[in-house]
Asks: 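Before anything else, here's the structure in question.
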Amino acid sequence: MKKFIHQPRFTPKGYSDEVENKIQRYRKEGARLPQRHLLRTEEQLEGIRQSARINTALLDYIAQNIHEGMTTAEIDHLVYAFTTDHDAIPAPFLYEGFPKSVCTSINDIVCHGIPSPNVRLQSGDIVNVDVSTIYKGYFSDASRMFLIGEVSPERRRLVEVTRECRDIGIKAAQPWARLGDVGAAIQEHAEKNGYSVVRDLCGHGCGIKFHEEPDVEHFGKKGTGMLIVPGMTFTIEPMINAGRYDVCIDEEDGWTVFTDDGSDSAQWESMILITETGNEVLTE
Ligand code: MF3
Ligand code: CO
């Protein structure tokens with residue numbers, strides 16, 4: 001019988017024997033492992049980091065320029081101009097037919113809001129601006145919430161707790177933990193605060209493609225799901241509703257996701273790299 005010998009040519013550069021040994025050990029135990037192509041090489045990481053830097057600078061730029069009274073189409077123009085000025089491409093543009101360069105999601109819009117010249121930011125609004133960048137073929141993704149004018153304490157708390165959910169999820173995303181640990185940690189914090197976690201949308205692998213494996217759910221059970229392995233890059237982007245978790249999609253535009261019960265929704269998104277000792281936040 002031919003013995004299986006692991007093939008070093010598939011080992012991403014810079015991986016220690018310890019990581020290789022652990023992968024083999026977990027494989028024998030029958031754990032669900034990410035496919036090899038999801039473990040980034042140093043060269044890929046270099047490109048992903050550059051893309052992520054532009055994406056983060058873009059959100060900083062939006063933070064400086066977003067204001068009450070502007071239209072969401074104006075945000076779209078800022079995103080397009082900044083991104084192309086940095087020799088990059090806004091990943092959402094024409095992605096599966098999406099018509100704009102950024103998603104702008106206000107109040108009861110959960111995600112994928114389409115910028116429009118007819119929608120103005122009003123005092124009291126909470127708005128998610130979700131930007132994604134392609135640089136030299138490498139993808140990055142992140143979103144932040146912005147408070148417009150005088151925002152109610154209820155909405156402020158939703159935005160705050162959702163950010164905590166994202167950060168708690170990042171903390172749980174440790175090498176050799178499970179994706180279910182991430183979801184469980186987020187779900188616990190959201191529900192403890194009286195909120196619900198959107199089930200129908202999730203985080204995702206990101207870097208070589210916009211959306212790749214694995215799905216990163218923001219709810220779940222500890223100790224279940226795919227093993228988290230050094231070299232993976234994925235997003236954590238909980239969508240948290242003040243009311244029930246059910247959502248519906250706008251039939252006319254085919255994109256805009258609303259809360260079914262009309263309650264408010266918030267989202268914060270980061271992209272992380274799993275390292276041998278923890279993780280590195282690539283975008284926020
Ligand atoms: N940026 C979103 C995400 O976090 C995806 C938007 S897809 C688009 O995954 F087409 F609407 F841009
Ligand atoms: Co994303």
Side-chain angles (χ1 to χ4, degrees), residues 38 48 51-52 54-59 62 72-73 75-80 82-84 88-106 109-116 119 127-135 138-146 162-163 165-167 169-170 173 179 182-183 186 197-219 232-241 247-258 265-274 279 281-284:
L38 297 175
I48 292 168
S51 176
I54 296 170
N55 204 69
T56 300
L58 169 57
L59 276 177
I62 296 302
T72 50
I75 299 175
D76 183 61
H77 296 147
L78 293 177
V79 169
Y80 184 83
F82 186 97
T83 307
T84 52
I89 301 164
F93 187 59
L94 301 182
Y95 175 79
E96 292 184 6
F98 190 80
K100 299 287 178 185
S101 297
V102 56
C103 299
T104 50
S105 306
I106 304 173
I109 299 182
V110 174
C111 63
H112 302 168
I114 302 175
S116 160
V119 176
V127 56
N128 176 274
V129 177
D130 189 338
V131 300
S132 318
T133 299
I134 314 173
Y135 182 69
Y138 295 103
F139 289 80
S140 55
D141 196 2
S143 78
R144 296 181 197 167
M145 295 298 294
F146 296 100
T162 303
R163 187 178 185 150
C165 283
R166 192 267 315 262
D167 294 344
I170 292 172
L179 282 178
V182 175
I186 292 170
V197 177
V198 172
R199 303 289 207 259
D200 294 347
L201 297 127
C202 57
H204 50 93
C206 185
I208 304 306
K209 293 193 282 180
F210 193 177
H211 295 111
E212 51 194 319
E213 279 191 25
D215 283 351
V216 180
E217 289 181 334
H218 305 108
F219 62 97
M232 294 172 84
T233 55
F234 55 83
T235 71
I236 297 179
E237 49 179 306
M239 285 144 272
I240 305 297
N241 295 351
V247 299
C248 53
I249 295 189
D250 188 300
E251 278 179 18
E252 255 155 57
D253 68 30
W255 278 102
T256 312
V257 178
F258 291 89
S265 186
Q267 177 179 30
W268 290 83
E269 173 176 20
S270 279
M271 185 173 157
I272 63 171
L273 162 70
I274 305 302
N279 63 52
V281 176
L282 296 173
T283 66
E284 60 187 333

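Positions are given from 1 along the sequence. Atoms within a ligand are numbered from 1 in the order they appear, just like the ligands themselves.
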Asks: Please confirm whether the backbone N or O of Thr283 pairs with a side-chain atom of Ser270, one donor and one acceptor, at under 3.5 Å?
Replies: yes

Asks: Spell out, as yes or no, whether a donor-acceptor pair under 3.5 Å connects the side chain of Asn128 to the backbone of Gln267.
Replies: yes

Asks: Should you measure from each heavy atom of Ser132, which atoms of ligand 1 turn up under 4.0 Å away?
Replies: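 Here the atoms of ligand 1 in question are 1 (N).
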
Asks: Would you say the side-chain atoms of Asp141 and His204 include a donor-acceptor pair closer than 3.5 Å?
Replies: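 Yes.
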
Asks: State whether a side-chain donor-acceptor pair under 3.5 Å links Ser265 with Asn241.
Replies: yes

Asks: Taking only heavy atoms of His211, which atoms of ligand 1 are found under 4.0 Å from at least one of them?
Replies: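 Reading through ligand 1 atom by atom, the close ones are 3 (C), 5 (C), 9 (O).
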
Asks: Which atom, counting only N, O or S, brings Glu237 closest to the Co ion (ligand 2)?
Replies: OE2

Asks: So does Ala173 get a backbone contact from the side chain of Asn279, meaning a donor-acceptor N/O pair under 3.5 Å?
Replies: yes

Asks: Check each heavy atom of Asp141 against ligand 1 and say whether those closer than 4.0 Å belong to the side chain, the backbone, both or neither.
Replies: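 Under 4.0 Å from ligand 1, Asp141 contributes side-chain atoms alone.
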
Asks: Please check: side-chain N/O of Asp253 versus main-chain N/O of Trp255, any donor-acceptor pairing under 3.5 Å?
Replies: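 Flag set: sc Asp253 to bb Trp255 pair under 3.5 Å.
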
Asks: Under 6.0 Å between the ring centres of Tyr95 and His211?
Replies: yes

Asks: Is there a polar contact, in the sense of an N or O pair closer than 3.5 Å, between His112 and ligand 1?
Replies: no

Asks: Tell me, which protein residue and heavy-atom name are nearest atom 7 (S) of ligand 1, and how many Å apart are they?
Replies: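 Protein heavy atom at minimum distance: Tyr95 CD2, 3.9 Å.
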
Asks: Is His204 touching ligand 1 with its side chain, its backbone, both, or neither, if touching means heavy atoms under 4.0 Å apart?
Replies: side chain

Asks: Write the atom name of the N, O or S atom in Asp141 that is nearest the Co ion (ligand 2).
Replies: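 When I compare the N, O and S atoms of Asp141, OD2 is nearest to the Co ion (ligand 2).
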
Asks: Hey, is there an N, O or S on His204 sitting under 2.8 Å from the Co ion (ligand 2)?
Replies: yes

Asks: Does ligand 1 have a heavy atom under 4.0 Å from the side chain of Cys103, from its backbone, from both, or from neither?
Replies: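 It is the side chain that gets close, since no backbone atom is under 4.0 Å.
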
Asks: Using a heavy-atom cut-off of under 4.0 Å, does the side chain or the backbone of Pro92 touch ligand 1, or both, or neither?
Replies: both

Asks: Answer yes or no: is there a donor N or O on one side and an acceptor on the other, between the side chain of His218 and the main chain of Glu237, under 3.5 Å?
Replies: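 At least one qualifying donor-acceptor pair exists.
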
Asks: If you look at Glu269, which of its N/O/S atoms is nearest to the Co ion (ligand 2)?
Replies: OE2

Asks: Do any N or O atoms from the side chain of Arg144 and from the backbone of Glu284 form a donor-acceptor pair under 3.5 angstrom?
Replies: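 Yes; judged by distance alone, with no hydrogens or angles, the pair exists.
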
Asks: Looking at Thr133, is its backbone amide N or carbonyl O close enough to the side chain of Ser51 to form a donor-acceptor pair, meaning the two atoms are under 3.5 Å apart?
Replies: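 Pair found, side chain donor or acceptor close to backbone of Thr133.
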
Asks: Quick test: of every protein heavy atom, which one is nearest to atom 2 (C) of ligand 1, and how far off is it to 0.1 Å?
Replies: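 Protein heavy atom at minimum distance: Asp130 OD2, 3.3 Å.
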
Asks: Is the closest heavy-atom distance from Glu269 to ligand 1 below 4.0 Å?
Replies: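 Yes; Glu269 lies near enough to ligand 1 that a heavy-atom distance drops under 4.0 Å.
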
Asks: I'd like to know if Phe93 contacts ligand 1, where contact means a heavy-atom distance under 4.0 Å to any ligand atom.
Replies: no

Asks: Would you mind running through ligand 1 and noting each atom that sits below 4.0 Å from a heavy atom of Glu237?
Replies: 3 (C), 4 (O), 9 (O)

